[in-house]
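Each chain gets a letter, A, B and so on, in the order the sequences are listed, and its residues count up from 1. Predicted, not measured: the structure shown is a model, and the values here were computed from it.
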Amino acid sequence: MKRPRASASSAFTRRVIAAVRRIPPGRVTTYGDIARLAGKPRAARAVGNIMRGGGAPGLPYHRVIAAAGRLGGYGGNEMLRAAPLRAGGRVVGGGGARQFSAVRWPSRTR
DNA sequence: GAAATGACAGAGT
DNA sequence: GACTCTGCCATTT
């Protein structure tokens, strides 16, 4: 099994973790926003890489979703249940991106 | 040091 | 409105 997990050995990784931690309860954010908070608005991919590693256990990574309002490709089914995504009713499973807009962390100040 | 991988984003068709 | 392709970045091997 080859599972290259990233570790928080860099400041950037730490920054991403801090950004996720900044997410208020009942709200979700996108990789792009996290990347931007980390200082690299184009590093959404890198953000996903860091999460994959799980360098910060306990961190609400499940609150971070794709900009499209979808979950991305991590296949978090049980996770969503535990996630506070029900802030607006339900983000995934039925209505999706629309409600997502309601719980989206208003951090994107483009 | 270089190549491969990956939980995305945005623009174009 | 939906699908496809490319670009950007960081980490790991």
* Asked: How many Å lie between CD1 on Ile50(A) and P on dC8(B), as a whole number?
  -> 13 Å
Every protein N/O lying under 3.5 Å from an N/O of nucleotides 6-9 of chain C:
{"residue": "dG7(C)", "atom": "O6", "partner": "Arg45(A)", "partner atom": "NH1", "Å": "2.5"}
{"residue": "dG7(C)", "atom": "O6", "partner": "Arg45(A)", "partner atom": "NH2", "Å": "3.4"}
{"residue": "dG7(C)", "atom": "N1", "partner": "Arg45(A)", "partner atom": "NH1", "Å": "3.2"}
{"residue": "dC8(C)", "atom": "N3", "partner": "Arg45(A)", "partner atom": "NH1", "Å": "3.1"}
{"residue": "dC8(C)", "atom": "N4", "partner": "Arg45(A)", "partner atom": "NH1", "Å": "2.8"}
{"residue": "dC9(C)", "atom": "O2", "partner": "Ala46(A)", "partner atom": "N", "Å": "3.3"}

* Asked: Can you tell me if the side-chain N/O atoms of Thr13(A) get under 4.0 Å from OP1 or OP2 in dA10(C)?
  -> no
* Asked: Out of curiosity, Lys40(A) NZ to Ile34(A) CD1, how far, rounded to the nearest 0.5 Å?
  -> 15.5 Å
* To do: Return the minimal non-hydrogen interatomic distance between Val20(A) and Tyr61(A), and the atom names on each side.
  => CG2-CE2, 3.9 Å
* Quick check: does any side chain N or O of Thr30(A) sit under 3.5 Å from a backbone N or O of Asp33(A), one acting as donor and the other as acceptor? -> yes
* Below 4.0 angstrom from OP1 or OP2 of dT11(C), is there any side-chain N or O of Ser10(A)? -> yes
* Return the set of residues passing side-chain contact (heavy atoms from CB on, under 4.5 Å) with Ala35(A) (not counting sequence neighbours), or none when no residue passes. => Ala43(A), Val47(A)
* Asked: Could you give the CZ-to-P distance, from Arg52(A) to dT12(C), as a whole number of Å?
  -> 10 Å
* Spacing between Tyr31(A) atom OH and dG10(B) atom P, to the nearest angstrom -> 14 Å
* Structure fact -> Closest non-hydrogen atoms of Val28(A) and Ile65(A), given as atom of the first, atom of the second and distance, are CG2-CD1, 3.9 Å
* Asked: When the distance from CG of Asp33(A) to P of dA9(B) is rounded to whole Å, what number comes out?
  -> 9 Å
* Asked: Considering only heavy atoms from C-beta outward, does the side chain of Tyr31(A) approach that of Arg45(A) to under 4.5 Å?
  -> no
